[in-house]
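I have placed the structure first, in the form of structure tokens, so that the comments after it can refer back to it.
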Amino acid sequence: MGIISWIVLGLLAGAIAKFLLPGRDPGGLIGTTAIGIAGAFLGGWLSAKFLHRPIAKHFFDAPTWGAAIAGSLVLLIGYRILFGNSRD
């Protein structure tokens, strides 16, 4: 997958992560989008590095999507812990 595909995957993974963890985030839409993109890269890298799962060459690969969504969730939770959760 190319860089544009990872960005699109990150946008979609960020939206799914936001759906799974509703609430207002300190960074708003732009921050959540950036977290989704970074989470997709992080999830893909961790999956390839530690789980020995090669990065797929095509866009519609379920394990790649799972890794991207998991990476986005981890970063979103970490972001809320570090910068506050406005759901209080």
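Every value quoted in this text rests on a predicted model; they were computed, and no experiment measured them.
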Could you measure the distance from the [atom1] atom of [X] to the [atom2] atom of [Y]? Nearest 0.5 Å is fine.
{"X": "Leu12", "Y": "Ile69", "atom1": "CG", "atom2": "CD1", "answer": "9.0 Å"}
{"X": "Ile77", "Y": "Ile35", "atom1": "CD1", "atom2": "CD1", "answer": "11.0 Å"}
{"X": "Leu75", "Y": "Arg80", "atom1": "CG", "atom2": "CZ", "answer": "12.5 Å"}

Exercise. Only counting residues at least two apart or in another chain, list the ones meeting side-chain contact (heavy atoms from CB on, under 4.5 Å) with Ala68.
Key: Leu9, Ala13, Ala40
Exercise. Could you tell me which residues satisfy side-chain contact (heavy atoms from CB on, under 4.5 Å) with Phe50, sequence neighbours excluded, listed by chain and number?
Key: Trp45, Leu46
Quiz item: Any chain of hydrophobic side-chain contacts (each under 4.5 Å) joining Trp65 to Phe41?
Solution: yes
Quiz item: Is Leu73 reachable from Ile16 through a run of hydrophobic residues whose side-chain heavy atoms are each under 4.5 Å from the next?
Solution: yes
Quiz item: So which heavy atom on Ile37 is nearest to which on Leu11, and how close?
Solution: CD1-CD2, 3.9 Å
